[in-house]
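To start, the structure itself, in structure tokens.
Bear in mind the structure is a predicted one, so any value in this text is a computation, not a measurement.
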Amino acid sequence: MKVVIVGGVAGGATAAARLRRLDEAAEIVVFERSGYISYANCGLPYYIGGTIADKSALTLQTPESFRARFNVDMRVRHEVEAIDAARHVVTVRNLETDEVFEEPYDKLILSPGARPTRPALPGVGLDRLFTLRTVEDTFAMKDFIDREHPRSAVVCGGGFIGLEVAENLRELGLDVTIVQRPRHLMNPFDADAAALIHQEMRAHGVHLALGRSVEGFEERDGGIDVLVAGEEPLRADMVVLAIGVTPDTALAEATGLETGIKGSIVVNDRMETGVEDIYAVGDAVQISHLVTGDDALISLAGPANKQGRVAADVICGLNSRFAGAQGTSVIKVFDLTAAATGLSEAACERAGIAHDAVVLSPMSHAGYYPGGKVMTLKVVFERETYRLLGAQAIGYEGVDKRIDVLATALFAGLSAIQLKDLDLAYAPPYSSAKDPVNMAGFMVENLALGLVSQYRWDEVADLPRDGSVQLIDIRTPAEFERGALPGFRNIPLDELRERLGELDPALPVRLACQSGLRSYVAARMLAGHGFADVSHLAGGLRFHDIVTGDARLIEHATPCGADAR
């Protein structure tokens, strides 16, 4: 059996290695357009910033090492230009010699990946404008920085690559502005959770010009202007275009393979295309979203690796199937860690799913053990069934652990209430006896049982201040004096029982505290004394202040770095 693989990196290289482990006699040939067969895509921004100092560390396998270990014929700088499915032949061009030849196959795996989206805007091809996909892209950007010593940069796009490049350029001392059309960074996160990411970026000197439309680029006086609709241009020494990726499927389309979202290749759960003996894996394929069951594009390394393994298994006669993906991801944002899995509230709205969410701000480990830091955890669930739909976690220590637990629970089909029953590891340096994930489950259960009601940060401004609703801040007097919501009066939690006479059980009560814990206790206390309409502020004042403060900053932001050079 001869298997030809088009493209290396996560999907193609994984398929090649798995094929060899399953079939020692198979002939395996991989054609890779770039000069590198298997490299750490996710590490590329960190080489630019100097965190990864040795460029060789980016290369996970060389053609020589792959051949030595797996007996796979790895051919870099070779581009497959055509597929003759009837003859089982691909046409290949050697990009170094320009030689064109045909290569027969018994099975063909397509792993072309996705290319950086390059909109048809004036100036997209300028020398000072960069994208980041391959090792060659990385070296080109690093060489420019080392040679030209730029002092400022504009990053167009606030997704994974945009944030990682912005951070690494900032670490090199550049004045950095992120500009994008969406009003918040990181699409997998809701706007309220993303506010914590905004706060961290600004704290490290990154300017955010959000809700802006880029209309083109112009060279001027040795620099580059980013043209923004209705505003003054953003001036910089260099620009990084990171507005997303597009499946690289021109070859598949020319072959007549069925395509789907953004031209992605349609496959079944065995990674088979609609053409016999042709498989496809990685960022170029359309898959099923595990939560909604809808078609989706999820460009992450984990799913690509799994798909490569499945394709190899199927070719070798095993009954493997790709279950789909739920978009579990994590990103370092300076000192912060932000992670997500499954659906955000915004994604639920797009999918037409009735949903709700709890927000909590627990410590990363036991409060009495030194070094604990607050994290923010948001868990999204279906309103009627309490089916777990997704989660977002932002903080410092332990964020990755919690999101992986929640991703596992989501994959296993647990309800949000069942999170309370998970038996999770505890020791004071690592967690609390009631882990944050358990706490989220307790909170959802309380909502389901009607033991508590919550109102959200975006409802605060609309609360009546005419006395028809009793607005109570139950923090300590010292906390209250440092700042409180307009119209709220202070009755500390520990005084609440003695001061019940100051409240009218017939009127609604809205409670607030710093994190939501004390206001929950107060809500139960009031319910026990006959108060029927009591709600507490989800996420507490900490979350409210970060989100609303960021919203004001977004609304009144002006383009930063207009002449940072």
Side-chain angles (χ1 to χ4, degrees), residues 1-44 46-47 52-80 88 90 92-97 99 101 103-114 133-139 248 270-271 277-285 299-322:
M1 177 176 64
K2 181 176 182 178
V3 182
V4 169
I5 302 174
V6 180
V9 199
T14 295
R18 178 66 170 173
L19 281 165
R20 177 57 70 223
R21 290 193 295 269
L22 294 176
D23 188 344
E24 184 63 22
E27 181 182 357
I28 306 168
V29 181
V30 179
F31 294 112
E32 167 60 40
R33 180 170 43 200
S34 76
Y36 298 85
I37 195 67
S38 180
Y39 54 89
N41 302 68
C42 301
L44 300 182
Y46 298 100
Y47 174 72
I52 298 173
D54 183 0
K55 65 171 63 177
S56 66
L58 297 173
T59 306
L60 305 179
Q61 291 278 1
T62 65
E64 294 76 20
S65 66
F66 218 102
R67 179 185 288 275
R69 177 162 296 182
F70 297 108
N71 189 26
V72 170
D73 184 2
M74 289 283 191
R75 304 188 204 176
V76 296
R77 303 289 297 155
H78 281 70
E79 182 170 12
V80 175
H88 278 53
V90 294
V92 187
R93 182 180 298 274
N94 184 325
L95 298 178
E96 293 183 345
T97 66
E99 173 195 3
F101 60 92
E103 189 80 22
Y105 67 84
D106 295 310
K107 304 288 184 180
L108 178 65
I109 301 176
L110 303 180
S111 180
R133 177 193 183 190
T134 66
V135 175
E136 288 90 344
D137 294 337
T138 308
F139 292 163
D248 195 353
R270 291 162 56 85
M271 310 317 297
D277 296 326
I278 300 181
Y279 303 76
V281 301
D283 293 351
V285 303
S299 300
L300 295 169
N305 276 279
K306 296 181 184 74
Q307 293 159 18
R309 180 185 176 94
V310 168
D313 285 357
V314 171
I315 287 172
C316 292
L318 300 179
N319 189 28
S320 292
R321 297 182 183 274
F322 179 65

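- No donor-acceptor pair closer than 3.5 Å links the side chain of Arg321 to the backbone N or O of Val310.
- Look at Asp283 and Arg133 and you find no salt bridge, because none of the NZ, NE, NH1 or NH2 atoms lies under 4.0 Å from a carboxylate O.
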Tell me, with the steps shown, if Asp106 and Asp277 meet side-chain contact (heavy atoms from CB on, under 4.5 Å).
CA-CA 7 Å; Asp106 295 310; Asp277 296 326; over 6 Å; no
Show your working on side-chain contact (heavy atoms from CB on, under 4.5 Å) between Phe322 and Val314 and close with a plain yes or no.
CA-CA 11 Å; Phe322 179 65; Val314 171; over 6 Å; no
side-chain contact (heavy atoms from CB on, under 4.5 Å), that's the test. Do Leu44 and Asp137 meet it? Break it down for me.
CA-CA 9 Å; Leu44 300 182; Asp137 294 337; over 6 Å; no
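- In Arg69, the CZ atom is not crowded: 12 or fewer heavy atoms of neighbouring residues, nucleotides or ligands sit closer than 6.0 Å.
- Under the side-chain contact (heavy atoms from CB on, under 4.5 Å) test applied with Leu318, the options Arg309, Arg270, Arg18 reduce to a single match, Arg18.
- Summarising the geometry, atom NZ belonging to Lys107 is positioned 14.0 Å from atom CD1 belonging to Ile28; distances are rounded to the nearest 0.5 Å.
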Carefully, step by step, assess Val4 and Val80 under the rule side-chain contact (heavy atoms from CB on, under 4.5 Å).
CA-CA 10 Å; Val4 169; Val80 175; 5.5 Å; no
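- Residues Ala284 and Pro112 share a closest heavy-atom pair of CB-CG, 3.6 Å.
- Ion pairing between a basic and an acidic side chain is recognised when a charged N comes within 4.0 Å of a carboxylate O; Arg93 and Glu79 show no such pairing.
- Screening Leu95, Val29, Val92 for a side-chain contact (heavy atoms from CB on, under 4.5 Å) with His78, the sole residue that qualifies is Val92.
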